[in-house]
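Heads up, the thing below is written out as structure tokens.
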There are 2 protein chains.
Amino acid sequence: MDPKPAGKTDRPGKRINAKRLAEDLDVSISTISRAFNKDAVIAPETRSRILDYADQLGYRPNPYAQSLITQKSRIVGIIVSHLENPFYPEALRGLSEALREAGWHLMLFTVPSGKTPDDILPLAISYQPEFVIVMAVTVSSRAQEVAERAGTKLIYFNRRDPDSSTFYVICDNAHGGGMIADHFLDTGCRRLAYIAGFQNASTTLDRWRGFRDRCIERGISDVWREEGYSFSYEAGYSAAMRLMDRRPRPDAVFCASDIIALGCIEALRTEFGLRVPEDVSVAGLDNIEMAAWPSHSLTTYSQPLDRMIEATVKLIEEISIGAESEKVAWQIRGDIIVRKSTRPMPGGKDAVTLPDKPS
Amino acid sequence: MDPKPAGKTDRPGKRINAKRLAEDLDVSISTISRAFNKDAVIAPETRSRILDYADQLGYRPNPYAQSLITQKSRIVGIIVSHLENPFYPEALRGLSEALREAGWHLMLFTVPSGKTPDDILPLAISYQPEFVIVMAVTVSSRAQEVAERAGTKLIYFNRRDPDSSTFYVICDNAHGGGMIADHFLDTGCRRLAYIAGFQNASTTLDRWRGFRDRCIERGISDVWREEGYSFSYEAGYSAAMRLMDRRPRPDAVFCASDIIALGCIEALRTEFGLRVPEDVSVAGLDNIEMAAWPSHSLTTYSQPLDRMIEATVKLIEEISIGAESEKVAWQIRGDIIVRKSTRPMPGGKDAVTLPDKPS
DNA sequence: TCGTTTGCAGCAATCGTTTGCATTATTTTC
DNA sequence: GAAAATAATGCAAACGATTGCTGCAAACGA
């Protein structure tokens with residue numbers, strides 16, 4: 001019954017490989033390989049005999065040899081530039097799990113301050129991942145070219161490239177801006193302002209565009225814009241300080257991201273003694289977990305993270321099996337989440353209200 | 001001057017490899033290899049000729065072939081179970097940068113809820129990383145054995161294993177607990193409480209031990225303990241609710257982590273109308289970035305993240321070059337950071353006070 | 001001048017798989 | 001019962017590097 005000549009199991013030294021299994025089980029190396037390959041031609045009992053024995057020995061095919069011969073790595077690189085913005089850990093976590101389930105390995109590259117994703121890209125490609133997901137605001141269009149030369153596909157997450165035709169997955173930022181504008185106007189605010197994030201980011205631009213266009217549509221042509229220069233708490237804090245020095249003061253502020261909004265709210269309270277939302281309504285965009293905390297209870301537009309992740313993985317899978325996907329870009333719509341950082345609806349009835357207490 | 005026969009540069013199809021360079025430059029493959037190997041014997045001009053041409057072609061040695069032959073991957077896996085606790089993105093970012101600088105690649109594995117790091121470990125080692133860093137509270141001691149069999153070294157980060165002799169890097173949690181206890185007592189608090197994190201985590205235990213022992217040393221033998229069951233905002237929120245139902249109410253609460261502390265403070269304010277620190281002092285441990293925000297201004301004990309990361313990388317480098325490091329464990333001391341969530345010192349002078357406004 | 005050292009480069013084996021094709025064993029078909 | 005079709009396995013050539021050993025000049029010493 002013993003599948004191998006006695007005593008062979010604890011052969012010393014050399015790490016176990018297919019050859020070792022082959023000898024012990026008296027089959028060829030090819031057969032070992034086929035046992036692990038889902039759709040290879042092999043007798044069922046042979047396969048299970050091999051799999052069992054492999055299990056017993058703790059054998060797994062060497063991924064480097066596999067990558068070498070197949071020219072596929074099943075590795076996805078991911079470049080993240082701003083992990084301090086809670087949106088990104090949330091996205092990272094989701095992507096990590098979804099990719100793992102789809103059988104991909106994730107290689108992480110963070111962008112140190114002072115460097116750009118472009119600087120990191122060559123490193124990221126050096127391990128020849130099949131894809132690189134870029135979760136960062138600034139990327140030159142040369143990036144595309146660099147990646148291509150290495151045979152790596154680039155996918156932008158939460159960012160689109162106006163010029164190039166790279167794959168990207170984003171939420172409908174302009175729609176978000178519009179929804180927030182509607183909400184502000186519906187609740188009686190009239191002096192509207194926007195705090196921008198990083199200046200050239202597509203997210204900054206699209207959210208502004210959606211917000212401003214809707215305001216104009218509804219007869220408010222004068223919308224303030226204050227630069228934040230980055231997507232961070234500090235940016236929101238200091239932008240709010242500059243913004244509130246203007247006269248008349250705005251009565252509603254749409255921040256380009258939740259984390260900016262939190263900084264903004266804090267500045268309003270601490271530095272100006274203003275109440276939110278009685279004196280000023282504040283809304284963000286992202287719907288990070290913290291936005292739901294009672295202390296913040298931030299009205300926001302939610303990025304449909306789950307669906308964005310799903311789309312990303314789908315994109316990867318499709319390109320990977322060679323089905324040159326027609327759908328190069330995904331733009332997914334989110335929802336407005338009304339909480340307590342904005343004035344209540346005049347009629348009394350809130351449109352959508354989500355619980356903001358921890359469950 | 002042209003280093004290769006004309007027309008060869010844009011030879012079609014086949015991706016460029018060492019053989020291609022060798023032919024073009026009329027040297028052997030070995031020589032190509034040596035040009036890239038820092039301390040190989042090769043004539044300087046030959047090397048630069050090769051390096052220049054490689055650069056021109058965009059050639060880089062294939063990492064899979066390298067790993068295959070050298071049996072080294074320069075890959076470090078990292079298992080993270082709770083990215084929603086801001087401490088971990090901060091740690092992850094630091095580790096990522098430090099490892100990159102040291103020439104390592106980082107493979108990320110998150111632990112989905114409902115699973116344990118143990119479940120993920122086999123996957124993590126399937127790519128044969130040389131090391132796996134575990135940033136998670138729960139790991140069985142069998143993990144050690146599993147990793148060993150795959151030839152992978154395990155390193156615990158922010159966690160120690162009471163039983164096994166695995167490598168680990170942590171901060172001096174007991175010291176932290178003691179410092180907080182001192183601070184509470186020095187500022188006149190007498191009814192002290194502790195909100196625990198995940199029950200069996202070494203961090204939960206050590207912080208408790210340090211806190212309680214110091215209290216006892218200073219004559220307070222009755223210290224309350226409330227279970228939080230996890231390191232999260234929600235845990236702090238609900239634990240605080242249970243805690244405040246006791247009579248008499250505590251006048252100082254030490255939370256096993258910053259994020260717990262934030263939840264706790266919120267519950268005190270929202271649910272009980274208590275003022276922090278006038279009615280209750282609250283302190284955490286970690287010193288996450290958010291702790292410095294004005295709205296929180298949390299007194300805490302800082303994890304010396306930079307030094308912990310440095311130690312981790314040093315450990316990896318040493319083990320990697322075979323210098324079986326004597327120092328298997330690093331326990332590094334942090335500092336107490338006094339902010340406004342705890343009562344001020346009676347004398348008026350604060351010991352250490354850090355600015356809590358965004359810079 | 002000749003033997004010895006030294007500096008560089010090449011040869012060829014090796015790492016552990018995958019996979020097209022050839023080969024053998026088994027079954028089906030007429 | 002022979003030929004043909006089918007199923008399962010084996011052979012051997014890749015994949016792209018690293019590295020111990022060998023070989024060959026040039027430099028050196030006596």
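The analysis underlying the following values was restricted to heavy atoms, covering all of them including side chains, and did not include hydrogens, waters or symmetry mates. So you know, we letter chains A, B, ... as the sequences are listed, proteins then strands, and number each from 1.
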Mind running side-chain hydrogen bond (donor to acceptor under 3.5 Å, both in side chains) on A:S30 and A:S33 for me, showing each step along the way?
CA-CA 5 Å; A:S30 317; A:S33 170; over 6 Å; no
Looking at every strand, decide which applies to [X] at a 4.0 Å heavy-atom threshold: base, sugar-phosphate, or nothing.
X     : value
B:Y59 : sugar-phosphate
B:S33 : base
B:R47 : nothing
A:T70 : sugar-phosphate
A:T46 : sugar-phosphate

In this structure, how many angstroms lie between the [atom2] atom of [N] and the [atom1] atom of [X], rounded?
X     : N      : atom1 : atom2 : answer
A:K72 : D:dA14 : NZ    : P     : 21 Å
B:R74 : D:dT18 : CZ    : C1'   : 16 Å
B:R49 : C:dA9  : CZ    : C1'   : 12 Å
A:E45 : D:dT9  : CD    : C1'   : 12 Å
B:I50 : D:dT18 : CD1   : C1'   : 14 Å
A:Y64 : C:dT18 : OH    : P     : 15 Å
B:D39 : D:dT18 : CG    : P     : 12 Å
B:E23 : D:dG16 : CD    : C1'   : 13 Å

At under 4.0 Å, does any side-chain N or O of [X] touch on OP1 or OP2 of [N]?
X     : N      : value
A:N17 : C:dC15 : no
B:Q71 : C:dC15 : no
B:T31 : C:dG10 : yes
A:Q66 : C:dT18 : yes
A:N37 : C:dT19 : yes

Within the modelled atom types, does a donor on one side and an acceptor on the other bring the side chain of B:S28 and the base of C:dC11 under 3.5 Å apart?
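In this structure, the two groups form no donor-acceptor pair.
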Only pairs with both distances under 3.5 Å count, Watson-Crick or wobble alike; so what is the partner of C:dG16 in this structure?
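Across all strands, the one nucleotide that pairs with C:dG16 is D:dC15.
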The side chain of B:I69 lies closest to which of these nucleotides: C:dT17, C:dC15, D:dA12?
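So the nucleotide nearest the side chain must be C:dC15.
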Of the nucleotides D:dG20, C:dT17, C:dT19, which one has an atom closest to the side chain of B:R34?
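Given the options D:dG20, C:dT17, C:dT19, the side chain of B:R34 is closest to D:dG20.
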Does the side chain of B:L121 reach to within under 4.5 Å of the side chain of B:L154, using non-hydrogen atoms?
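With C-beta onward as the side chain, the pair touches.
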Comparing A:I32 and B:A43 on DNA chain C - which has the more 5′ nearest nucleotide:
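Its nearest nucleotide being more 5', the pick is B:A43.
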Would you please indicate yes or no on a ring centroid separation below 6.0 angstrom for B:F167 and B:F131?
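For B:F131 and B:F167, the ring centres are not under 6.0 Å apart.
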Ring centres under 6.0 Å, that's the criterion: do B:F36 and B:Y59 meet it?
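Ring centres of B:Y59 and B:F36 closer than 6.0 Å.
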Do side-chain atoms of B:S96 reach the backbone of A:F109 as a donor and acceptor pair under 3.5 angstrom?
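Answer holds: no.
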Please evaluate residues A:E317 and A:K314 with respect to the criterion salt bridge (charged side-chain N to carboxylate O under 4.0 Å, His left out), reporting the C-alpha separation (whole Å), side-chain torsions for both, the decisive distance (0.1 Å), and the verdict.
CA-CA 5 Å; A:E317 294 275 70; A:K314 185 184 248 172; over 6 Å; no
